[in-house]
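Worksheet: the structure to be examined is printed underneath.
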Amino acid sequence: FEIKIVAGDPLKHESKLPINGLMVNLEESEPEKDKRISMPGANGPHPQLSTGIRSLNVLKNAGFIDMSGIQKIELSNGCWEMGWRNEHPAGALICGFHNVQTVKRHDASLPSGRIYISFPLWTAESLVTEQARKKEAKEVLSKYEREKDDAMAKMSETHNPLMKALHYRSAFAAAEKM
């Protein structure tokens with residue numbers, strides 16, 4: 001599959017490093033000891049919750065564009081694992097690599113060393129459960145959004161200052177429930 005990443009803090013207004021084109025193939029075999037990195041599940045405090053470390057074949061290295069053109073990012077020792085947390089409906093597919101050299105674009109950088117990318121996973125049962133929970137939450141949110149919008153419309157329509165305050169309070173109460 002193909003992976004796209006944006007390195008940088010999304011909450012800060014600073015440079016980002018958009019990385020595109022990484023293509024990998026997940027293998028079933030275990031990697032050779034010298035061709036793998038330490039993985040957070042299999043080498044962590046609860047290795048029994050991991051599928052174990054498996055080989056990952058990098059079909060195409062990732063790249064990014066800077067002022068001098070397309071720059072490639074060389075990743076080696078790729079491996080993957082699936083980890084399931086105790087008593088949780090979801091797990092994670094974790095891909096790990098060794099980034100051979102630090103790459104920079106403006107103020108954003110991807111340092112050399114280990115890189116992990118995780119993707120959420122669900123069992124068929126837990127996915128159905130979580131989708132139903134999400135649908136219910138969206139319905140509740142929609143209800144409170146309608147209440148807030150109705151109260152704001154009533155506030156705009158009235159000229160009575162006391163009624164404006166009352167409708168504003170109702171809109172604020174609905175917004176707090178969201």
Side-chain angles (χ1 to χ4, degrees), residues 1-64 71-105 107-144 176-178:
F1 61 95
E2 184 174 354
I3 302 171
K4 296 179 181 183
I5 307 164
V6 176
D9 189 341
L11 301 177
K12 294 182 180 176
H13 298 290
E14 55 188 30
S15 296
K16 308 276 187 282
L17 179 57
I19 301 167
N20 294 301
L22 175 60
M23 293 187 74
V24 300
N25 187 40
L26 305 178
E27 306 286 337
E28 291 184 32
S29 61
E30 288 187 29
E32 297 173 27
K33 296 268 186 213
D34 63 330
K35 296 201 183 220
R36 70 179 188 191
I37 62 171
S38 177
M39 294 296 284
N43 302 115
H46 303 287
Q48 72 278 9
L49 299 176
S50 169
T51 57
I53 300 173
R54 302 286 183 253
S55 295
L56 183 149
N57 185 16
V58 176
L59 301 174
K60 181 180 167 198
N61 273 313
F64 65 97
Q71 306 299 316
K72 291 292 178 191
I73 301 172
E74 186 180 345
L75 301 173
S76 64
N77 299 340
C79 47
W80 68 276
E81 69 179 347
M82 280 193 282
W84 297 94
R85 297 184 302 171
N86 255 345
E87 308 295 324
H88 286 269
L93 167 66
I94 304 167
C95 298
F97 308 91
H98 176 77
N99 182 25
V100 176
Q101 67 182 23
T102 299
V103 293
K104 288 187 79 162
R105 179 178 177 262
D107 295 334
S109 67
L110 185 65
S112 64
R114 287 182 285 196
I115 297 173
Y116 298 101
I117 305 169
S118 66
F119 305 92
L121 299 173
W122 292 269
T123 63
E125 288 175 8
S126 64
L127 180 59
V128 169
T129 302
E130 292 302 309
Q131 286 175 331
R133 201 176 114 227
K134 181 180 176 182
K135 181 181 178 192
E136 183 180 321
K138 281 184 169 184
E139 289 170 356
V140 169
L141 178 64
S142 292
K143 174 188 166 204
Y144 291 131
E176 279 188 326
K177 292 176 186 175
M178 293 195 285

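When a residue number appears, it is its place in the shown sequence, counting from 1. Keep in mind that the numbers below use all heavy atoms, side chains included, and drop hydrogens, waters and symmetry copies. Quick caveat, the model's predicted, so the values are computed rather than measured.
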Can you tell me how far the [atom1] atom of [X] sits from the [atom2] atom of [Y], to the nearest 0.5 Å?
X	Y	atom1	atom2	value
S50	W84	OG	CH2	12.0 Å
L59	E2	CG	CD	10.5 Å
I3	L75	CD1	CG	9.0 Å
N99	E74	CG	CD	9.0 Å
H98	R114	NE2	CZ	10.0 Å
I53	S29	CD1	OG	12.5 Å

Inset, instruction - Could you list the residues that satisfy side chain to side chain donor-acceptor pair (under 3.5 Å) with S118, not counting sequence neighbours? - result: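 Side chain to side chain donor-acceptor pair (under 3.5 Å) list for S118, sorted by chain: empty.
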
Legend entry - side chain to side chain donor-acceptor pair (under 3.5 Å) partners for N57, two or more places apart: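 N57 satisfies side chain to side chain donor-acceptor pair (under 3.5 Å) with no residue once adjacent residues are dropped.
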
Test item: [X] and [Y] side chains (from C-beta on) under 4.5 Å apart, heavy atoms:
X	Y	value
W122	T129	no
Q71	V103	no
I5	I115	no
E81	R54	no
C79	I37	yes

What are the two closest heavy atoms between [X] and [Y], and how far apart are they?
X	Y	result
A62	L22	CB-CB, 3.7 Å
Y144	M178	CB-CG, 3.6 Å
L93	M82	CD1-CG, 4.2 Å
G52	A42	CA-CB, 4.4 Å
G96	M39	N-CE, 3.9 Å

Legend entry - salt bridge (Lys or Arg N to Asp or Glu O under 4.0 Å) against R133, all qualifying residues, sequence neighbours excluded: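 E130.
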
Legend entry - Residues, nucleotides or ligands: over 12 heavy atoms within 6.0 Å of E125 CD: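 Not buried by this count: 12 neighbours or fewer within 6.0 Å.
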
Inset, instruction - Give a yes or no on whether E139 atom CD has more than 12 heavy-atom contacts from other residues, nucleotides or ligands under 6.0 Å away. - result: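 Yes, CD of E139 has more than 12 neighbouring heavy atoms, counting only those of other groups under 6.0 Å.
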
Inset, instruction - Apply ring pair (Phe, Tyr, Trp, His ring centres under 6.0 Å) to Y116 and list each qualifying residue two or more places apart in sequence or on a separate chain. - result: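 In terms of ring pair (Phe, Tyr, Trp, His ring centres under 6.0 Å), with neighbours along the sequence ignored, Y116 is linked to no residue.
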
Legend entry - Candidate pair F97 and V24, rule side-chain contact (heavy atoms from CB on, under 4.5 Å), full reasoning: CA-CA 11 Å; F97 308 91; V24 300; 4.1 Å; yes

Inset, instruction - Using the salt bridge (charged side-chain N to carboxylate O under 4.0 Å, His left out) rule, collect all pairs that involve residues 34-51, keeping only residues at least two apart or in two chains. - result: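 Non-adjacent pairs meeting salt bridge (charged side-chain N to carboxylate O under 4.0 Å, His left out): zero.
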
Inset, instruction - Could you list the residues that satisfy side-chain contact (heavy atoms from CB on, under 4.5 Å) with K16, not counting sequence neighbours? - result: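 Once residues adjacent in sequence are excluded, the partners of K16 under the side-chain contact (heavy atoms from CB on, under 4.5 Å) criterion are V6.
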
Inset, instruction - Using modelled atom types only, decide if a donor and an acceptor are shared between the side chain of W80 and the backbone of E27 within a distance under 3.5 Å. - result: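 Yes, the answer is positive, given that a donor and an acceptor are paired below the 3.5 Å cut-off.
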
